[in-house]
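Here the structure is a predicted model, which means the values were calculated and not measured. Values below: all heavy atoms of this structure, side chains included; hydrogens, waters and symmetry mates excluded.
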Amino acid sequence: MRIQLPIISVNNDSHHGGRAALTCRFRCGDACFHEVPNTTTNPYVGDVIADALSRRTVMRAAAVVTAATAVGASATVAAPKASAAESAAATAATSTRHASRGARGLRFEPVAPNTADTVTIPDGYAQNVVIRWGEPILRGAPAFDPENQTAESQSKQFGYNNDFLALLPLPGERHRQVLVANHEYTDEVLMFRGYDAANPTKQQVEVAWAAHGLSAVVVEEDRRSGKLTPVPRHPLNRRVTATSEFKVTGPAAGSDLLKTSADPTGTKVLGTLNNCSGGVTPWGTTLHGEENFNQYFANATRATDKRYGLGTGATERKWERFDKRFDVAQEPNEPHRFGFVVELDPYDPTAKPRKRTALGRFKHEGATVRLTDDGRPVVYSGDDERFDYFYKFIGSKRMKKGSSRAVREHNLSLLDEGTLYVAKLTGDSPAIEIDGSGKLPADGEFDGSGEWIPLATATAKGAVSHVEGMTADEVFVFTRLAGDKVGATKMDRPEDIEPNPHTGKVYVALTNNSNRGVGANAKADEANPRNANKHGQILELTERWNRADSKKFAWTLFLVAGDPSDPATYFAGFPKDDVSPISCPDNVAFDSYGNLWISTDGNALGNHDGLFGVATRGDRRGELKQFLTMPNGAETCGPVIQDRRVLVAVQHPGEIDGATAEKPLSAWPDGASKINRPAVVAVWRKDGCDIGV
């Protein structure tokens, strides 16, 4: 029986911007069509940011005009007449546009925005599909057969809907690396022919459980081409699924809030769900953020469940019919065991992954790590929800160097002790000057500051809450409520957060929030010229003294996304007639030159999602160039930026309203009428040189 899809109007601040309702159903449980979980009256940073945009744009424009006038006057007096040969050379140089210009690492011809059903890359570059959903990676895995998938076969094959990617070195094996991938969610409509959403079968559900989770697979490089291919049955290859056993660590381990009938100790969990982005630690492990876990649990009624977006009825996938742990009425604490950051040791396939409760429980987009001057870990993470917060964890134990078992065990305890903080941002303009139109305040300039508010501290001897009226266990399990209580600043869906390895500045991707100013939701309170934020922005945060463990920071607007012709957009002051349009920034990464690379999720400009690079310093700061685009219905995930290679995850290709396994609406990656398979793609220069140089 073919599923009849509901007709749902497009909402541009969905997890996918203007993308299909099909994506909204399976990725985040229609989160943006539900009531906003955060109903507190905390200040809203989008209103503060817009003021920075408006003032800085005007001041930068004035500076550019002044400089151009001075240069023009000088040229009128001194410039000699160009020869015919010089004019021809200048014309030829102009025709090359960006290919030989730009910051080092970004010297490529930008890809034009498009709706082509392929991965479009710059001229002079090549690509290959590294690995697809269902490809065998473990010993004994069968070849992919979409008509006869079983949980046993899927548990030995590459999972579905790859998101976060990491490429780690593999000492002793030349030209090989370890690829680690998140498998965020399943879309059963596109996976199974004849899928009946009202009555999924036990086999379909068990395959979906096995398609969630994580994959680790060794890949090998063809040094002549840059192509990457998987190495099946390598001893390090691994699958972690929704039924694998995890160890709960940190201050909430053993808490009454985590105990269930299957686990009365509160220290063991089956599975990980909705792993979105992540990070790589300096000690060689990977971190994976559990994001929209709420959609997997049925029949929730408590206020704490509502704050996390759990529904009161049946779920989309109906998993509660096959395992009572997904029914909150029967297992009220099971949802409390999801929404954490998972740490995986990719070099030890026998080690249980660990859920790190000291990093808090919310919809983690990911988790990225930098070290303090004395070697303690600092982890940044965003809570991907409209009007929610972003956080920082400062560890109390120092990382040790080395690769011995004792050193690795020590480093695997680093994320269990320390203090969890939430961000509060402050503007500097009097409220009387704010009318919501974007009119500049009287001071004509803008600076923002902020502080990290402590929520709870975990030590080897126990944990202490810093939030009045909440125990430490409650802070770590109901972290959103702790943020509410201390007055954290509401954000426009904070997603990936990445420190610049060159400058230490921290970049926060805020995907969108068109609900701002709608109904009782927060309205402009600091001259935000964009009342409906459907394109998102990126915040640049500078810790005081550039110390990772600082409790104070300054912040500025780095980029406000959208069509460059829109006066409400901003590209760090760079001339807007020389940048690519961008909408809905999601995952971010850095290359070795300090350029920020941005993948998008839900392009609200009518084009497909893509990957962009932008300079963060120098005279080309803010010059943003599109590097690639996605096929029909797909989202750009990953990404990994190496000197000679860019790696992206093509997530949910063909996920368009009306699409089914019988009627795919994308021909990617294997051709028309073939089932769509999420996959990982590698891109490199044909001449073998480094990317963008």
Side-chain angles (χ1 to χ4, degrees), residues 40 42-53 55-56 358-360 362 367-383 388-396 398 417-431 441 443 445-458 464-468 475 479 482-492 494 496-510 525-526 537-558 572 588 596 616-617:
T40 63
N42 300 344
Y44 175 52
V45 75
D47 307 325
V48 180
I49 285 177
D51 183 46
L53 157 68
R55 281 180 271 189
R56 288 202 172 119
L359 302 184
F362 45 89
T368 54
V369 185
R370 64 190 292 206
L371 295 176
T372 63
D373 293 343
D374 61 354
R376 292 173 292 121
V378 173
V379 184
Y380 298 92
S381 193
D383 185 353
D388 257 295
Y389 317 128
F390 69 93
Y391 300 81
K392 178 170 83 169
F393 169 83
I394 304 177
S396 57
R398 299 179 183 180
E417 298 178 26
T419 301
L420 181 63
Y421 298 83
V422 68
K424 183 173 184 177
L425 286 76
T426 305
D428 68 349
S429 300
D443 62 7
E445 61 182 3
F446 182 85
D447 291 301
S449 60
E451 61 178 320
W452 294 106
I453 304 174
L455 299 178
T457 299
V464 177
S465 170
H466 306 301
V467 180
E468 185 177 356
V475 170
T479 311
D484 296 343
K485 280 182 169 288
V486 300
T489 304
K490 295 181 178 181
M491 308 292 286
D492 279 355
D496 209 3
I497 303 176
E498 193 83 22
N500 188 324
H502 289 263
T503 66
K505 293 180 182 295
V506 179
Y507 293 80
V508 183
L510 304 167
D525 59 10
E526 186 114 2
Q537 62 259 355
I538 291 181
L539 203 69
E540 184 182 68
L541 185 152
T542 305
E543 304 275 23
R544 178 176 286 185
W545 303 303
N546 204 24
R547 291 175 57 100
D549 55 352
S550 291
K551 309 305 187 299
K552 304 282 187 179
F553 58 87
W555 64 272
T556 185
L557 189 70
F558 177 69
V588 291
L596 182 69
T616 61
R617 53 184 177 167

- Excluding sequence neighbours, so at least two apart, what forms side chain to side chain contact (heavy atoms under 4.5 Å, CB included) with Pro454? Thr419, Tyr421, His466

- Query: Short question: side chain of Thr556, backbone of Glu540 - any donor-acceptor pair under 3.5 Å?
  - Reply: no

- Spacing of Asp484 atom CG and Tyr389 atom OH [to the nearest 0.5 Å]: 3.5 Å

- Taking every non-hydrogen atom, the tightest pair across Leu455 and Val467: O-CG2, 3.5 Å

- Task: Could you tell me whether a side-chain N or O of Asn546 sits under 3.5 Å from a main-chain N or O of Thr503, the two making a donor and an acceptor?
- Result: yes

- Query: Taking everything shown except Arg617 itself, do over 12 heavy atoms lie less than 6.0 Å from its CZ?
  - Reply: yes

- Output yes when a side-chain donor or acceptor of Thr489 lies under 3.5 Å from a complementary backbone atom of Leu425, and no otherwise. yes

- Query: Does the Lys551 side chain pair with the main chain of Asp549, one donor and one acceptor, at a distance under 3.5 Å?
  - Reply: yes

- Message: For the backbone of Val486 and the side chain of Lys424, can you confirm whether one donor and one acceptor N or O come within less than 3.5 Å of each other?
- Response: no

- Hey, is the main chain of Gly395 close enough, under 3.5 Å, to the side chain of Arg376 for a donor-acceptor pair? yes

- Query: Do the side chain of Arg547 and the main chain of Asp373 share a donor and acceptor less than 3.5 angstrom apart?
  - Reply: no

- Item | Spacing of Phe362 atom CZ and Thr479 atom OG1 [to the nearest 0.5 Å] | 6.5 Å

- Task: First locate atom OG1 of Thr542, then atom CZ of Phe553, and finally report the distance between them rounded to the nearest 0.5 Å.
- Result: 10.0 Å

- Item | Aromatic ring pairing Trp452/Phe390, orientation class (parallel under 30°, perpendicular over 60°, tilted between) | perpendicular

- Distance-only, no hydrogens or angles: does the Asp496 side chain make a donor-acceptor pair with backbone N or O of Val588 under 3.5 Å? yes

- Message: Can you give me the closest heavy-atom contact between Ser465 and Val475, atom names plus distance?
- Response: OG-CG2, 3.5 Å

